[in-house]
2 protein chains.
Amino acid sequence: MSSQQKKAFYQEAIPMLVAVDCIIFGFDREALKLLLFKRKIEPFKNEWSVIGSFVKPTESVDLAAVRVLEEYTGLQDIFMEPLGCYGEVNRDPGARVVSQAYFALIRLDEQEEQMVETHQAHWFDLTTVPTLILDHNQMVKDALEKLRRKARYRPIGFELLPEKFTIPQLKDLYEAINQRKLDRRNFRKKILSMDILEKLDEKDKSNSRKGAFLYRFNKKKYEEMVKKGVNFVL
Amino acid sequence: MSSQQKKAFYQEAIPMLVAVDCIIFGFDREALKLLLFKRKIEPFKNEWSVIGSFVKPTESVDLAAVRVLEEYTGLQDIFMEPLGCYGEVNRDPGARVVSQAYFALIRLDEQEEQMVETHQAHWFDLTTVPTLILDHNQMVKDALEKLRRKARYRPIGFELLPEKFTIPQLKDLYEAINQRKLDRRNFRKKILSMDILEKLDEKDKSNSRKGAFLYRFNKKKYEEMVKKGVNFVL
DNA sequence: TAGATAAGTGTAATAATTACGCTTATTTGA
DNA sequence: TCAAATAAGCGTAATTATTACACTTATCTA
């Protein structure tokens with residue numbers, strides 16, 4: 001249906017701008033990081049903000065989020081899910097803008113960390129997030145809370161860890177997300193009892209003399225468990 | 001800032017319509033119901049749909065949802081929370097419309113059931129939901145899933161049950177939400193152990209010869225538990 | 001080759017969940 | 001009037017999950 005035809009309906013309604021904003025978390029094997037960038041347009045040009053864009057008429061809202069993520073990080077097929085709608089009347093002094101926020105999880109290796117710096121973007125440690133434009137600090141706060149809640153019943157590690165990882169690394173990730181210490185032995189017992197990890201023959205010795213065995217997720221088994229609605233409370 | 005001034009920014013972005021849709025669940029002491037109404041405008045005039053409206057320039061998105069709920073049910077201060085954004089390009093043939101969906105829970109007594117019928121609205125049993133316009137069936141499905149998940153860690157009963165209720169009634173509600181039988185005795189034990197119910201001196205004899213004691217929620221204790229992040233898995 | 005260190009294994013104590021039998025209050029109708 | 005029927009309510013044993021923590025192992029470095 002053409003734009004002309006559509007205009008016949010909903011005459012009384014008033015259009016507004018729709019944007020997407022992505023809160024992107026990364027994990028570099030020790031700390032949780034947040035990707036921010038320097039805004040390129042007025043108002044608030046050159047201030048820190050999360051990554052975002054207006055939604056184009058030819059793309060769905062979800063797709064706009066995927067596009068933005070790819071534009072700024074070069075990454076595709078990233079775990080991303082909706083965070084919520086930010087729709088206060090005066091949240092953006094530039095116009096009436098309703099923003100749909102998303103949060104994404106990506107694993108960091110040097111490659112990505114460098115790539116990102118070329119876009120006037122920067123990975124911040126979660127403990128040193130600067131003041132952001134508009135309601136973006138609130139978005140980050142909400143995203144973090146959602147991440148924590150989510151981590152309670154899903155092994156988030158899929159998205160944040162490299163393909164091969166050790167159990168102590170997985171534990172570090174959960175500690176970073178939840179901000180509390182977990183018992184090393186109980187953590188191992190619990191995650192192994194879920195039967196979603198595959199032990200490999202290699203060891204990672206970057207963190208200890210003894211070295212820790214590498215594992216990888218068994219995605220199939222994991223998907224099955226999610227379907228059954230199992231609770232992975234760690 | 002006036003609309004004129006705002007136009008100076010974001011010139012390249014293309015505005016679209018923003019709507020809210022509310023998926024409203026009710027519980028009438030035996031079954032979960034869904035509130036639907038006959039659409040008043042073209043396209044799809046007179047077909048069943050959930051309750052919705054376009055967002056006005058002078059109101060936030062959240063407020064639009066509250067307004068709509070009040071317009072159709074006369075009810076204020078209803079438990080409502082965001083469900084998600086529905087933003088496919090061609091989801092509405094009438095225009096490019098991005099909809100933010102909400103779901104709400106209300107308790108049904110005859111008063112409300114009647115009131116609603118005056119707006120060309122109707123309470124449907126969840127097992128007999130008709131075909132709805134646009135992506136509204138999907139919204140209902142998503143809302144139901146969210147309700148179930150939510151009920152796992154919050155005593156939803158606050159919103160769906162009358163002020164005074166019996167433990168068997170609360171159990172029936174959880175069974176309706178989760179679509180599975182719960183053990184009467186274990187349910188009672190668990191809910192009482194949470195220490196959020198106050199036993200009253202009255203009995204409700206509508207359902208049995210012996211009669212069941214009425215209880216009411218202790219909202220203060222409940223809020224405290226939610227703050228502490230306690231899990232109410234029933 | 002001893003000492004240091006993180007990885008990994010085991011186990012006992014405690015707490016939560018599940019399954020289910022028995023008693024109680026009340027109404028109905030034989 | 002009183003036995004049968006029924007849902008409400010109480011208690012307990014068996015199972016399963018969680019927590020706390022002691023001990024052993026593999027490996028590197030000095």
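Distance from the side chain of K189(B) is smallest for dT18(C) among the nucleotides dA7(C), dT18(C), dC22(C). With distances taken from any side-chain atom of R209(B) to the nucleotides dC10(D), dA4(C), dT27(C), the minimum falls on dT27(C). The side chain of K190(B) sits closest to dT17(C) out of dT17(C), dC22(C), dA6(C).
Spacing between atom CZ of R185(A) and atom C1' of dA12(C) amounts to 13 Å, rounded to whole angstrom units. Regarding F187(A), its CZ atom lies at a distance of 12 Å from the P atom of dA7(C), rounded to whole Å. At whole-Å resolution of the value, CG in D183(A) and C1' in dA17(D) are 15 Å apart. Atom CD1 in I167(B) sits about 9 Å away from atom C1' in dG9(D), given to the nearest Å. Rounded to a whole Å, the NZ atom of K210(B) is 16 Å from the P atom of dC22(C). Between K181(B) atom NZ and dA19(C) atom P the separation is 15 Å, expressed in whole Å. Rounded to whole Å, atom P of dA6(C) lies 11 Å from atom NZ of K171(A). Taking atom CZ of residue R188(B) and atom P of nucleotide dA19(C), one finds them 18 Å apart after rounding to whole Å.
Between K205(A) and dC28(D) there is a side-chain N or O to OP1 or OP2 distance below 4.0 Å.
Checked against the 6.0 Å centroid threshold, Y72(B) and F37(B) count as a close aromatic pair.
With L160(A) as the partner, the side chain to side chain contact (heavy atoms under 4.5 Å, CB included) test is satisfied by one option alone out of D28(A), L105(A), I106(A): L105(A).
Defined by atom type and a distance below 3.5 Å, a donor-acceptor pair is present between the side-chain atoms of T127(A) and D125(A). A donor-acceptor contact closer than 3.5 angstrom links the side chains of S206(B) and D204(B).
Among the atoms of the strands shown, only primed sugar atoms or phosphate atoms (P, OP1, OP2) are found under 4.0 Å from some heavy atom of K203(B). Residue contacts for N207(B): at a heavy-atom cut-off of 4.0 Å it reaches the sugar-phosphate backbone alone, with no base atom in range.
The residue among N186(B) and F213(A) whose nearest nucleotide of DNA chain C lies closer to the 5′ end is F213(A).
By the neighbour-count criterion of 12 heavy atoms within 6.0 Å, atom NZ of K150(B) is densely surrounded, having more than that number from other residues, nucleotides or ligands.
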